[in-house]
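Letters A, B, ... mirror the listed sequences (proteins, then strands); counts begin at 1.
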Protein chains: 2
Amino acid sequence: MARPSSPNRGKGEEATAVNRREQILEAAVAVFAEHGYYRATTAQVAEQVGISQPYVFKIFKNKEELFVAALGRAFDRIVRAFEGLETAGDQVLREAIQVYEQLMETHPNEIILQVQALGIRDEAIRGAMQDGMRKVTGLVEGKFTAAGLDHPEVLVSTFMANGMLCNIAMSLEMPELKPKHLEQE
Amino acid sequence: MARPSSPNRGKGEEATAVNRREQILEAAVAVFAEHGYYRATTAQVAEQVGISQPYVFKIFKNKEELFVAALGRAFDRIVRAFEGLETAGDQVLREAIQVYEQLMETHPNEIILQVQALGIRDEAIRGAMQDGMRKVTGLVEGKFTAAGLDHPEVLVSTFMANGMLCNIAMSLEMPELKPKHLEQE
DNA sequence: AAGTAGTGACTAATCAATAACTAAATCCGA
DNA sequence: TCGGATTTAGTTATTGATTAGTCACTACTT
C-alpha cells in the first residue's frame, strides 16, 4: 500500500530514499524548533512528512541521529552563506552581519535549533555543535583575514558574540535583547 | 519512620520544610546541569538530597516549578553580585567582567542551567528566563549609567553578548570560544 | 525474483505524579 | 503531668501516559 495518494506521481518528485531523507530533515527542523528535542516526537515528524512513524527509523538510525543531521544541515547553510563573503576592507564586517540577518529571516527554525543544541547534554549532539561552531568561527576568521582586517581574532569573537545574542533574542522572543551598535541603521 | 538516620540531629540542621527546599534546589541545580531538564529525573534529585522521590512533590508542585525555582536562584545570585558594583568611570566595566568571571568559577552549574533554559520550549521556563534576563540587563544598565559611562545601552549590549558567549563556551566545553578582547590580561 | 518503499501492530522502558499511609514531635486541656 | 489531638516530615507502592524503537508484513517496480 505504498504511496496511496499518488499511484502515478510526476517525474519531478519520485519518492526515493534520498529525497525522503530531505523531507524528513526539513520536517525535523520544524518540529524540533517548535517543541524542543525531547518534547518533539518522531510521530510528529512523520506526520508532517505524511509517512508512518516507523519509516523515520528506516532512514535515520535513531532520534539523536536525526537531530544531529538536522543540526548539520543548519550549520551547512550558515557555512555556505559565509563562504560567499568576498568584500575587502572593513566593509566585510557589515556584509557578514547582513548575510546572517538574512539567514535568520529565511531560516529561523535552524537558528532556534542551534540555541536548543547549546543546552542538550548528549555527546553526539554536543559534538555536532562543537564541529559547527568551529567551522563557522574558522571560516569567518579566514574571511576577515582575507579582507585585510586588523585583529581578526578579536573581530570574529565580537561577531560571534553578537550573533549568538541575536539567536538568543530570537529564541527567547526578546527583540529588545538584540545587539545595539553605535552606527545606527 | 521520619529521618531514620538521625534520631537526634544537631540543632544546626533541623529538617524544616524551608531548608529541605534549599537542599532540593541545590541538588536540582546540579542534576539539571549534569543531565539537562528532560533527562534529569526527580528521583535523581531526591537521591542526592537523601529523601524519597515523592517528597520532592510535597515541596514543589511539579518538575517545571522545580526548574523555574532553580533558575530563579541562579539569576538571584547574578543580580546580587552585580548589585555590589559601585565603581565609577569605565573601571566599572572591568569590575563587572571580574564579578561575572568569579561567579562562573564558583557556580558553574547555575550558568549551565541558564544555557539550557535558553532552548527549553516551555512557557513557564521561558517566562522565568525572560524575567531573569530583563532584570540583569536593567540592573547592569543602571550601574553603567550611574558610573557615568557614555552610551550605556551599547556597552550593556556588548557586555551581555560577551557574557553569553562565555556561558556558551562553558556549556559546550569550548574554551577557545571565550571572548577575546584587545586589552590582554 | 529481487529490490525498494512503505505500513500496522506492538512493546519495553521510563518517569512524573498521586494515594495512602506512618512515625515522631508538639501542643493543650483537665 | 498525663494522654489524646494535631501537625510536621517523611515513606512505600503504584499508576497512567508517553514514546522510541522493533517486527513482520505488503505492494509496487524493474
Walking DNA chain D from its 5' end, the first of K63(A) and Q53(B) to be reached, judged by nearest nucleotide, is Q53(B)
Residues pairing under salt bridge (charged side-chain N to carboxylate O under 4.0 Å, His left out) where one sits in residues 23-41 of chain A, two or more places apart or in two chains, turn out to be E26(A)-R73(A), R39(A)-D122(B)
Regarding the side chain of F57(B), the nearest nucleotide among dT22(D), dT18(C), dG6(C) is dT18(C)
Contacts of S52(A) and N62(B) projected onto DNA chain C by closest heavy atom; the upstream (5') one is S52(A)
Whole-Å distance, R21(A) CZ to dG6(C) P, equals 15 Å
Residue set satisfying side-chain hydrogen bond (donor to acceptor under 3.5 Å, both in side chains) with E110(A), at least two apart, ordered chain then number -> R77(A)
note: L66(A), atom CG; dT19(D), atom C1'; distance rounded to Å ~ 15 Å
Residues at least two apart in sequence or cross-chain that pass side-chain hydrogen bond (donor to acceptor under 3.5 Å, both in side chains) with N167(A), listed by chain then number, are Y100(A)
Residues of residues 38-49 of chain A with a heavy atom under 4.0 Å from any atom of DNA chain D, listed by number, are A40(A), T41(A), T42(A)
- Taking everything shown except E176(A) itself, do over 12 heavy atoms lie less than 6.0 Å from its CD? yes
I51(A) atom CD1 is separated from dG8(C) atom P, nearest whole Å, by 12 Å
Does K58(A) contact dT22(D) through a side-chain donor or acceptor facing the base, at a distance under 3.5 Å?
no
Sorted by chain and number, sequence neighbours left out, side-chain hydrogen bond (donor to acceptor under 3.5 Å, both in side chains) with Q53(A) holds for T42(A)
**Asked** With respect to the phosphate group of dG6(C), does any side-chain polar atom (N or O) of R20(A) fall under 4.0 Å of OP1 or OP2?
**Response** yes
Here the ring-ring contact (aromatic ring centres under 6.0 Å, His included) pairs for residues 125-149 of chain A, sequence neighbours left out, are F144(A)-F159(A)
F32(A) atom CZ is separated from dA20(D) atom C1', nearest whole Å, by 11 Å
Separation of dA16(C) atom C1' from F67(B) atom CZ, nearest Å, is 16 Å
Checklist entry - Are Y55(A) and dG6(C) close enough that a side-chain N or O sits under 4.0 Å from OP1 or OP2? => result yes
Assess whether atom CD of E47(A) is packed by more than 12 heavy atoms of other residues, nucleotides or ligands within 6.0 Å.
no
Atom CD1 of I59(B) and atom P of dT18(C) are separated, to the nearest Å, by 15 Å
